[in-house]
Amino acid sequence: MKTRKPTTSAARGSSSSSPPSQTLPLFSNMPRKYSLFKHTLIATVFFLLAIYAFFSTFFHTPLPPSDSNSDSSSFLLDLGGVSSQENPIPFPERVKVFMYDLPHKFTYGIIQQHSLARGGSPVPEITTLNYPGHQHMHEWFLFSDLARPQSDRLGSPVVKVTDPEEADLFYVPAFSSLSLIVNAGRPPGSASGYSDEEMQEQLAEWLTGQEYWKRNNGWDHVIIAGDPNALYRVVDRVKSAVLLVSDFGRLRPDQGSLVKDVVIPYSHRVSTYTGDFGVKDRTTLLFFMGNRYRKEGGKIRDLLFQILENEEDVVIKHGTQSRENRRAASRGMHTSKFCLNPAGDTPSACRLFDSIVSLCVPVIVSDSIELPFEDIIDYKKFSVFVETTTALKPGYLVSLLRKVPEQKIIEYQKAMKEVKRYYDYTHPNGTVNEIWRQVSQKLPLIKLMINRDKRLVKRELSEPNCSCLCSNQTGYLLLP
């Protein structure tokens, strides 16, 4: 007998009339299976935890305890890094610097000669003499920094060492810029008889005779020559060192470059502005006070005088370095919106850094200028750059500056306030630390050049090549 398949409707209706044995077993088994799965899962978790505890106890090597007083720890804090045992951030060790104990004739002896040339009397202990104030005081501040005990130099990017065998770099603290002006401005016949040229020759002879200079041909030495004319007579004999310079205006490409050397700021000579942002008390549009007549690129100053001296709201004065002129320059910069910064005898001049600490927006007219610390400072945020030929167009400069809105000037001032510590040699985390940071960044290149020298010999080239930018030689020939 055939069995007829139930219809769809019958199938739906059978759920209430079908015997329980057709459906109940399926659902009645699920709680027991779920319980078994649950117990198995819990057992697995406990087993894994037990394995983890076993390996953690018997095979884990704990991290060494941190020493908050160690140099590496303080270095992390100095750089603003975050360090923890759970997530340590590696930093390279600070560069170790050894400062030569030069004969006094290259340091304090020059201070004494400067004093004698101005009518001073000899003193029994020349190390008690004070360095005279001038725009190249950077050599004094760097010398004073390394003369302090290392315990007083916490926060410095470099470590001072007293054993030259430990040193990465060697600092030569000769007062080469002060030496230049010992007899400067002295009336005929009143000079002290001191010779800057003789000092340079004696320094080069002493330095190149030192064991650690000869060891690596001076590559790992650092020499300050802040004045563009400092060490001009012997620069070819010491150019393998890292030179600290204000610009490259008096150096050939094979003597100095941004590759191996460091551009440093002049020491500002005007007082720092401490007032508020704004232009309410800055009634002068554009201010300049300095030597009108300069050589080379500085000839633009006289041309700018001719264009600007009759302009309304512009103060442009001729003035040489003196105490009274510095006070007048401070007043002028503190009451001006913009400060003119034309080239001097070389592309840079101290006036730029006077402008920054005065919160007077620099107007830079110097096409070949190199500026300090440009790896971290964007000068366009607080300076106006004008190409030389454009600046000499009558009416152009003042027209450009009068169009700058007040809010933009305030933005410039705020940007200067943020960076002005970099131009303050007396600030505990100012110019000196920044110079050492720049110097320490040269160490990989120095090591590269030292190792290259070990496998290369010199030969003269008829034309310069790219090696001139970072080398003491004019050309190379590989050893066979």
Side-chain angles (χ1 to χ4, degrees), residues 99-148 170-210 213 221-239 241 243-246 250-251 264 266-269 291 295 320-326 344-346 350 425-426 432 435:
M99 182 171 70
Y100 279 110
D101 183 14
L102 292 181
H104 283 165
K105 62 182 177 181
F106 302 127
T107 54
Y108 287 103
I110 299 176
I111 300 178
Q112 183 177 55
Q113 292 293 337
H114 184 275
S115 173
L116 293 176
R118 284 149 184 78
S121 301
V123 296
E125 179 50 62
I126 61 175
T127 58
T128 62
L129 290 170
N130 293 322
Y131 189 97
H134 68 108
Q135 63 186 9
H136 296 297
M137 288 187 69
H138 32 234
E139 58 192 15
W140 171 254
F141 286 113
L142 291 175
F143 169 76
S144 299
D145 177 59
L146 288 182
R148 294 183 296 157
F170 297 80
Y171 181 62
V172 184
F175 296 162
S176 57
S177 294
L178 182 62
S179 178
L180 278 171
I181 63 171
V182 165
N183 291 325
R186 300 302 95 194
S190 66
S192 65
Y194 175 81
S195 171
D196 172 56
E197 288 78 8
E198 289 181 9
M199 187 283 298
Q200 295 181 45
E201 293 287 353
Q202 292 170 5
L203 175 66
E205 182 178 356
W206 182 91
L207 180 60
T208 55
Q210 297 302 303
W213 175 276
H221 283 57
V222 180
I223 302 176
I224 190 166
D227 189 289
N229 290 318
L231 300 180
Y232 74 94
R233 192 181 183 97
V234 299
V235 67
D236 275 322
R237 295 162 63 182
V238 300
K239 63 183 179 180
L243 301 178
L244 308 183
V245 298
S246 57
R250 297 282 168 82
L251 296 173
I264 62 176
Y266 290 86
S267 177
H268 69 82
R269 301 292 287 135
N291 198 327
K295 297 172 288 185
T320 55
Q321 285 285 346
S322 71
R323 186 173 300 176
E324 180 55 38
N325 283 345
R326 285 198 300 273
D345 289 344
T346 58
C350 65
Y425 280 89
T426 64
V432 171
I435 291 174

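Positions are given from 1, in the same order as the sequence printed here. Please read these numbers as outputs of a predicted model, since none were measured by experiment.
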Hey, does S179 have a side-chain heavy atom less than 4.5 Å from the side chain of F106? no

So which atom in H136 and which in S177 form the shortest heavy-atom distance, rounded to 0.1 Å? CB-CB, 3.6 Å

Quick check: do H134 and Y266 have side-chain heavy atoms less than 4.5 Å from each other? no

Parallel, tilted or perpendicular: which describes the rings of Y108 and W140, with under 30° parallel and over 60° perpendicular? perpendicular

Name the one of N229, V234, L231, L203 that satisfies side chain to side chain contact (heavy atoms under 4.5 Å, CB included) with S176? L231

Any heavy-atom pair between the side chains of H104 and T127 that's under 4.5 Å? yes

Side-chain heavy-atom pair R250, D345 within 4.5 angstrom cut-off: yes

With rounding to the nearest 0.5 Å, note down the distance linking NE2 in H268 to CZ in R326. 12.0 Å

Output yes when E201 and R237 qualify as a salt bridge under the 4.0 Å nitrogen-oxygen rule, no when they do not. yes

Would you call the rings of F170 and H221 parallel, tilted or perpendicular if under 30° counts as parallel and over 60° as perpendicular? parallel

Which pair of heavy atoms, one from N130 and one from I111, lies closest together, and at what distance? O-CG2, 3.4 Å

If you apply the rule side-chain contact (heavy atoms from CB on, under 4.5 Å), what do you find for L142 with I264, and how did you get there? CA-CA 11 Å; L142 291 175; I264 62 176; 5.5 Å; no

If you compare all heavy atoms of G226 against all heavy atoms of H138, which two are closest, and at what distance to 0.1 Å? CA-NE2, 3.4 Å

Y131/F143 aromatic ring centres below 6.0 Å: no

So, does Q113 use its side chain to make a donor-acceptor pair with the main chain of Y194 at under 3.5 Å? no

Pair Y100 and W206, ring centroids less than 6.0 Å apart: yes

